*Asks:* 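Below is one structure. I have some questions about it.
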Amino acid sequence: MESTRTLDFIRAMVLEDLQSNRHSGRLTTRFPPEPNGYLHIGHAKSICLNFGIPQEFKDQAPAGARCNLRFDDTNPTKEEQEYIDAIKRDIRWLGFDWGKDEYYASDYFEQLYEWAIKLIKEGKAYVCDLNAEQIRQTRGNLTQPGTPSPYRDRSVEENLDLFARMRKGEFPDGSRVLRAKIDMASPNLNMRDPVMYRILHAKHPRTGGAWCIYPMYDYAHGQSDSIERITHSLCTLEFEDHRPLYDWFIEQLGIFPSRQTEFNRLNLTHTVVTKRKLRTLVEDKHVAGWDDPRMPTLSALRRRGYPPAAIRGFCDAVGLSKREQLIDLSRLEYHVREELNRTANRVMAVLDPLRVVITNYPAEQVEEMEAVNNPEDPEAGKRTVPFSQVLYIEREDFMENPPGKFFRLAPGREVRLRYGYWVTCTNVIKDDDGNIVELHCTYDPQTRGGDSPPDGRKVKGTIHWVSAAHAIDAEVRLYDTLFAKEDPNDVPEGGDWLDNLNPESLKVVHGAKVEPSLKNVEAGGTFQFERLGYFCVDVDTEKSTALVFNRTVTLKDSWGKSQKQP
RNA sequence: UGGGGAUUGGUGUAACGGUAGCACGACUGACUCUGGAUCAGUUAGUGAAAGUUCGAAUCUUUCAUCCCCAGCCA
C-alpha cells in the first residue's frame, strides 16, 4: 500500500533544504521548553515535530540529524529544577530521546555577554536608565511611534562601563537595562529598541548566584540556536513578529544563521493549553495538581491512562499549517481508543451493582468460566472468572419497563451473561420505597460459557457481571471535560474563563465491584472494563484499601447516545 | 487604528491553473458472546464581489472576518 500523504509545509521545507544541500547534509532541530511549568498536549505537538523530523529525514541527512533538548532558562524568577525534571520525564515517556544533546540557555550566558559587548562596541546596544514604566510610555503604541530614550546616545565607553557594573551587581533590580539600538519608529514593536538584559538579583536553578543580569528571550533564543547550529528553529505563530529581531541579532553578530519557521499552536476543545492558565488551575486548587487526570498536561494524561503512542498518533494526525487550530477532543479520544483497543486486556467490572440471585443455580457451586483477554490480540491469552449463584450486574442493564430498543435485562426477558450463562429474569424484589434491590433469575445449563443453546433460540443482549462472593471492591473516578464549553475562553463580557469550569468533571464511584483477576494490579495498568470503557489503575491505589481506577475514556456508546436524543 | 499572519464540510487537513480528496464527528445498514471492534454506505465545504483564463480553491484587485504584537515573560 503506497502512502501518498503530502508533506506539510515544514517538512517540505526541510526536504528542500536537504536536497539543495543548504546545510551540507546536516539537520538539527531543537525543543526549547522554559522550565516554569509542566508540559501539556500542545507541547506534545512541538515535541513530535521537532524530534520526529530528524528521525524521518535521517536517511537524507548524511551529516547527521538530531533534535536538541534545550531549556530556555533565562528567567530565574519563574524557573525551578522540579520543572526541568518533570519535562525530561514527560519527553521520555512520550517516546523521545535527546541522547547527550541536553543543553541550557544558561550554558551560554558568558558567550551571550561577550556578544552583547560586541554590539555595544559597534554602537548597536546601549544601557538605558529608564524604568519599566518609562520604557513602556516611550515605546509608543500600535499607531504611534516611540520616542528615543534620553540614554540612547551614550558613548561606547560609558555603556561598556555601565554594563560591566550591571553584571557586577552595583545596581538594583529594574534600575537599568541593556537595549538594542534599532528603530523606535518601527511598525513592529519588537524592533523599538528591545530590552536585551535586565537586572535580576535572583538565584538561578543552574547558575546559582553567578549572574545578576539575565538575557531576555529575544536576545537568548536565536543566539542559542546559532551556537547549537540549529538548522530549523520551529516555533509557534505568535513568534512571527519576533522573526525580524531574531534575524537582526544573528546578522549583526555575523554568526551561524539558524532560521525560524512558525507553525500553528494546538488548541483542544473543552480545555486550556497555556501554562499560565494551567498554573492558575493548580495554584487556585481547581484541580488536585499538575497531574490531576482532568488536566491536559502530559503527566496528567499519563496518569489518566493515555498511551504515549496515542498522543503521538494524534499529534501526527492533526497536521500543521498556519491557521488557528482548535481540535475537537473526540480526535484525541479516537487515537486513545484505537491504541487501547489493540492493547488493553478486557475485564469485567460493575460500577453500580444490582444484586442478582440465580434461583436454580446450586448455592454452593462455583464454576471457573473461561474468558478471552483481548479479542483483538490472540497473544493476550485467556483467564477464568468465577461464576456463582449470587452476582452483581450493572443497575442500568435492567429496566422494569423497557422501551423498544432496550436489549438488556427486563422482567421475563433472557440475556446472555458474558462468558457465563443465559439467564431469564423471573422476579423483581423491591424495598418499601419501591426501589429495586434484587433480581431473581433462572439460568439455562445448556448455555455454559455463554454459548447458544441447541434449540437455536437467540438473545439480543449480552451484559457483564461479577460474582458477588469473589468480587473486589474498587473506587472508580469518572472524568468528564474540565470545561463545559468547547472554548473555555468564550465568556460573556464581565465573565471569567473559570466560570466555564465543568462542576461535573469528576465523579467518584465508591463500591464498584471488579472481577478477582484484578487483585494484584499495579499503578498504571490499563484495562477495558467490558462495555464501559478503558480504565487505568491510579497511583492512589497504593495508599487505599480499595483499588482505585481512573476512567481513561468511555467506549463509544450508540445506545447511550440514542437515549440522549430528544 | 500601525505591523504581522490566516480564511476549503461541524472540526482539522490535502489539492500549487485541469474530476475539491482524506481523517475525526454525525447519520444508515451489515456483522458481532462488548449496543465495543470490524465492514459497507450517506451527509456536508472553497468568506464575498469583480477580473484574467478554454478552465480558478489556486493568479489579480477590492471588501469582509478571525488571530497575534504595546512584559525588564517565553
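Source: prediction; values computed, not measured. Proteins come first, then strands; the chains are lettered A, B, ... in the order of their sequence lines, and each starts at number 1. Reckoned from all heavy atoms, side chains included, excluding hydrogens, waters and symmetry mates.
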*Asks:* What about A/Asp557: does its side chain form a donor-acceptor pair under 3.5 Å with the base of B/G35?
*Replies:*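 There is none.
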*Asks:* Would you say the side chain of A/Arg408 and the base of B/G35 hold a donor-acceptor pair, judged only by whether the two atoms sit under 3.5 Å apart?
*Replies:*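 Pair found.
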*Asks:* Can you measure A/Phe407 atom CZ to B/U34 atom P for me and round it to whole angstrom units?
*Replies:*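 Rounded to whole Å, this separation is 13 Å.
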*Asks:* Which heavy atom of A/Ala44 sits nearest to which heavy atom of A/Ile311, and what is that distance?
*Replies:*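 Shortest heavy-atom separation between A/Ala44 and A/Ile311 comes out as CB-CG2, 3.9 Å.
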*Asks:* If I take atom CG in residue A/Asn373 and atom P in nucleotide B/U34, what distance separates them, rounded to the nearest angstrom?
*Replies:*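 Those two atoms, CG and P, are 16 Å apart.
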*Asks:* Remember a base hit wins even if backbone is also touched, and classify A/Glu333 as base, sugar-phosphate or nothing at under 4.0 Å, heavy atoms.
*Replies:*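 Contact class for A/Glu333: none.
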*Asks:* Side chain to side chain contact (heavy atoms under 4.5 Å, CB included) for A/Ile135 and A/Arg179? Distances and angles first, verdict last.
*Replies:* CA-CA 11 Å; A/Ile135 286 182; A/Arg179 290 226 255 173; 4.1 Å; yes
*Asks:* Give a yes or no on whether the ring-centroid distance for A/Phe9 and A/Phe263 is below 6.0 angstrom.
*Replies:*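 Not under 6.0 Å, so no.
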*Asks:* Taking any heavy-atom pair under 4.0 Å as a contact, classify A/Ser186: base, sugar-phosphate, or nothing.
*Replies:*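 Since no nucleic acid heavy atom lies under 4.0 Å of A/Ser186, the category is nothing.
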*Asks:* Rounding to the closest angstrom, what is the interatomic distance between B/A56 and B/G17 at atom C1'?
*Replies:*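 Each nucleotide's C1' atom is 7 Å from the other's.
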*Asks:* B/G5, OP1 or OP2 - any side-chain N/O from A/Arg243 closer than 4.0 Å?
*Replies:*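 Checking B/G5 against A/Arg243, no side-chain N or O comes under 4.0 Å of OP1 or OP2.
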*Asks:* In whole Å, what separates the C1' atom of B/A57 from that of B/C73?
*Replies:*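 It works out to 40 Å between them.
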*Asks:* Please convert RNA chain B into dot-bracket. A pair counts if it is Watson-Crick or G-U wobble with both distances under 3.5 Å; crossing pairs go in [ ] and bases paired with another strand get |.
*Replies:* .((((((..((((....[..)))).(((((.......)))))....(((((..]....))))))))))).....
*Asks:* In whole Å, what separates the C1' atom of B/A44 from that of B/G12?
*Replies:*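 Straight-line distance between the two C1' atoms is 15 Å.
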*Asks:* What about A/Phe549 and A/Phe529, are their ring centers closer than 6.0 Å?
*Replies:*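 Centroid separation for A/Phe549 and A/Phe529: below 6.0 Å.
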*Asks:* What is the nucleic acid contact for A/Leu130, judged by heavy atoms within less than 4.0 Å: base, sugar-phosphate only, or nothing?
*Replies:*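 Counting heavy atoms under 4.0 Å across all strands, the contact made by A/Leu130 includes a base.
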*Asks:* Name the closest nucleotide to the A/Arg346 side chain, picking from B/U34, B/A74, B/A26.
*Replies:*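 Out of B/U34, B/A74, B/A26, the nucleotide with an atom closest to A/Arg346's side chain is B/U34.
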*Asks:* Mind checking whether A/Ser224 and A/Tyr104 have side chains closer than 4.5 Å, heavy atoms only?
*Replies:*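 Sidechains of A/Tyr104 and A/Ser224: no contact.
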*Asks:* Quick check on B/C73: is either OP1 or OP2 less than 4.0 Å from any side-chain nitrogen or oxygen of A/Lys275?
*Replies:*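 No, A/Lys275 has no side-chain N/O under 4.0 Å of OP1/OP2 on B/C73.
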*Asks:* Can we call the ring centroids of A/Phe109 and A/His204 under 6.0 Å apart?
*Replies:*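 Close enough - the centres of the two rings lie under 6.0 Å apart.
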*Asks:* Measure from NZ or CZ of A/Arg154 to the centre of the six-membered ring of A/Tyr126, then state whether that distance is under 6.0 Å and the direction lies within 45° of the axis.
*Replies:*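 Here A/Arg154 fails the 6.0 Å and 45° test against A/Tyr126.
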*Asks:* Can you tell me how far CZ of A/Phe407 sits from CD1 of A/Ile463, rounded to the nearest 0.5 angstrom?
*Replies:*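 Output value for this atom pair is 14.5 Å.
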*Asks:* Whether A/Arg531 contacts B/G35 is assessed here as follows: a side-chain N or O lying under 4.0 Å from the phosphate OP1 or OP2. Is that the case?
*Replies:*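 For A/Arg531, the contact criterion (side-chain N or O under 4.0 Å from OP1 or OP2 of B/G35) is met.
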*Asks:* Suppose you measure atom C1' in B/U13 against the same atom in B/A20; what distance do you get, rounded to whole Å?
*Replies:*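 One C1' to the other, the span is 13 Å.
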*Asks:* Taking B/G2 as the reference, what is the distance to B/U11 when you measure between their C1' atoms (whole Å, please)?
*Replies:*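 Nearest-Å result for B/U11 against B/G2 at atom C1': 33 Å.
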*Asks:* Shorter than 3.5 Å, N or O on both sides, protein versus nucleotides 42-48 of chain B: list them out with atom names.
*Replies:*
none

*Asks:* Taking the six-membered ring for Trp, are A/His221 and A/Tyr217 closer than 6.0 Å centroid to centroid?
*Replies:*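 Centroid distance A/His221-A/Tyr217: below 6.0 Å, so yes.
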*Asks:* For A/Arg176 and B/C72, what is the distance between atoms CZ and C1' respectively, to the nearest whole Å?
*Replies:*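 It is 14 Å, rounded to the nearest whole Å.
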*Asks:* Using the C1' atom in both, what is the distance from B/C16 to B/G21, to the nearest Å?
*Replies:*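 Approximately 15 Å lies between the C1' atom of B/C16 and that of B/G21.
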*Asks:* Side chain of A/Asn188, heavy atoms from C-beta onward: which of B/A70, B/G3, B/G25 has the nearest atom to it?
*Replies:*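 Nearest nucleotide to the side chain: B/G3.
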*Asks:* Heavy atoms under 4.0 Å, any strand shown: does A/Phe529 hit a base, just sugar-phosphate, or nothing?
*Replies:*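 It contacts nothing in the nucleic acid.
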*Asks:* Where the side chain of A/Leu555 is concerned, which of B/U34, B/C73, B/G35 is the nearest nucleotide?
*Replies:*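 So the nucleotide nearest the side chain must be B/U34.
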*Asks:* Would a 4.5 Å heavy-atom cut-off, applied to side chains only, mark A/Ile182 and A/Leu245 as touching?
*Replies:*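 Yes - at least one pair of side-chain heavy atoms lies under 4.5 Å apart.
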*Asks:* Just say parallel, tilted or perpendicular for the rings of A/Tyr113 and A/Tyr197, cut-offs at 30° and 60°.
*Replies:*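 Rings of A/Tyr113 and A/Tyr197: perpendicular, over 60°.
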*Asks:* Report yes if a donor N or O on one partner sits less than 3.5 Å from an acceptor N or O on the other, where the partners are the side chain of A/Glu376 and the base of B/U38; otherwise report no.
*Replies:*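 Under the 3.5 Å cut-off, the side chain and the base do not form any donor-acceptor pair.
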*Asks:* Below the 4.0 Å mark, does B/C67 have OP1 or OP2 next to a side-chain nitrogen or oxygen of A/Lys322?
*Replies:*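 No.
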*Asks:* Please evaluate the base of B/A74 for a donor-acceptor partner in the side chain of A/His242 within a cut-off of under 3.5 Å?
*Replies:*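 Indeed there is one.
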*Asks:* Looking at B/C73, B/A26, B/U34, which one has an atom nearest to any side-chain atom of A/Arg418?
*Replies:*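 Looking only at side-chain atoms, A/Arg418 lies closest to B/U34.
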*Asks:* Rounded to whole angstrom, note down the P distance from B/U1 over to B/C24.
*Replies:*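 That atom pair is separated by 41 Å.
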*Asks:* Using a heavy-atom cut-off of 4.0 Å across all strands, would you classify A/Asp241 as base, sugar-phosphate, or nothing?
*Replies:*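 Base contact.
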*Asks:* Looking across every strand, which nucleic acid part, if any, lies under 4.0 Å from A/Pro375 by heavy atom: base, sugar-phosphate, or nothing?
*Replies:*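 Contact class for A/Pro375: base.
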*Asks:* Classify A/Asp451 by what it touches in the nucleic acid, base, sugar-phosphate, or nothing, heavy-atom distance under 4.0 Å.
*Replies:*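 Base, at least one base heavy atom under 4.0 Å.
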*Asks:* Using a 4.0 Å heavy-atom cut-off, does A/Lys460 contact any base of the nucleic acid, only the sugar-phosphate backbone, or nothing at all?
*Replies:*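 Here A/Lys460 touches no strand at all.
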*Asks:* Look up atom CG in A/Leu234 and atom CE in A/Met13, then write down how far apart they are to the nearest 0.5 Å.
*Replies:*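 A/Leu234 atom CG to A/Met13 atom CE measures 6.0 Å (nearest 0.5 Å).
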*Asks:* Which part of the nucleic acid, if any, lies within contact of A/Tyr197, taking any heavy atom under 4.0 Å across all strands shown: a base, the sugar-phosphate backbone alone, or nothing?
*Replies:*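 Counting heavy atoms under 4.0 Å across all strands, no contact is made by A/Tyr197.
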*Asks:* Working to the nearest 0.5 angstrom, can you tell me the gap between A/Leu266 CG and A/Thr236 OG1?
*Replies:*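 Rounded to the nearest 0.5 Å, the CG-OG1 separation comes to 11.0 Å.
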*Asks:* Is A/Tyr217 stacked on the base of B/A74 when the test is centres under 5.5 angstrom and planes under 30 degrees?
*Replies:*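 Answer is no, no stack.
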*Asks:* If only side-chain N and O atoms of A/Ser562 are considered, is one of them under 4.0 Å from the OP1 or OP2 phosphate oxygen of B/G35?
*Replies:*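 Checking B/G35 against A/Ser562, no side-chain N or O comes under 4.0 Å of OP1 or OP2.
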*Asks:* So A/Val177, base contact, sugar-phosphate only, or nothing? Heavy-atom distance under 4.0 Å.
*Replies:*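 The residue A/Val177 makes base contact.
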*Asks:* Select base, sugar-phosphate, or nothing to describe what A/Arg139 touches, counting heavy atoms under 4.0 Å on all strands.
*Replies:*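 The residue A/Arg139 makes sugar-phosphate contact but no base contact.
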*Asks:* How about A/Thr269 and A/Ile327: do any of their side-chain heavy atoms sit closer than 4.5 Å?
*Replies:*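 When only atoms from C-beta onward are counted, A/Ile327 and A/Thr269 do not touch, as no gap falls below 4.5 Å.
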*Asks:* Compare side-chain N and O positions of A/Arg198 against OP1 and OP2 of B/A74 and report whether any pair is under 4.0 Å apart.
*Replies:*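 So the side-chain polar atoms of A/Arg198 do come within 4.0 Å of the phosphate oxygens OP1 or OP2 of B/A74, strictly under.
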*Asks:* Write down the distance separating the C1' atoms in B/A15 and B/A23, rounded off to the nearest Å.
*Replies:*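 It comes out at 15 Å once rounded to the nearest Å.
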*Asks:* Can you name the atoms? Protein N/O to nucleotides 9-12 of chain B N/O, anything below 3.5 Å, with the distance.
*Replies:*
from	atom 1	to	atom 2	distance (Å)
B/U11	O3'	A/Leu326	O	3.0
B/U11	O2'	A/Leu326	O	2.9
B/G12	OP1	A/Leu326	N	3.0
B/G12	OP1	A/Leu326	O	3.3
B/G12	O5'	A/Leu326	O	3.4
B/G12	O2'	A/Val318	O	2.8

*Asks:* Is the gap between the ring centers of A/Tyr103 and A/Phe71 under 6.0 Å?
*Replies:*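 When the ring centroids of A/Tyr103 and A/Phe71 are compared, they turn out to be at least 6.0 Å apart.
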*Asks:* Nearest whole angstrom, please: distance from the C1' of B/U13 to the CZ of A/Arg265.
*Replies:*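 From A/Arg265 CZ to B/U13 C1': 20 Å.
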*Asks:* Describe the nucleic acid contact of A/Leu320 in one word from base, sugar-phosphate, nothing, applying a heavy-atom distance below 4.0 Å.
*Replies:*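 The residue A/Leu320 makes sugar-phosphate contact but no base contact.
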*Asks:* Check the pair A/Phe387 / A/Tyr421 against ring pair (Phe, Tyr, Trp, His ring centres under 6.0 Å), numbers first and verdict last.
*Replies:* CA-CA 9 Å; A/Phe387 187 93; A/Tyr421 285 101; 5.1 Å; yes
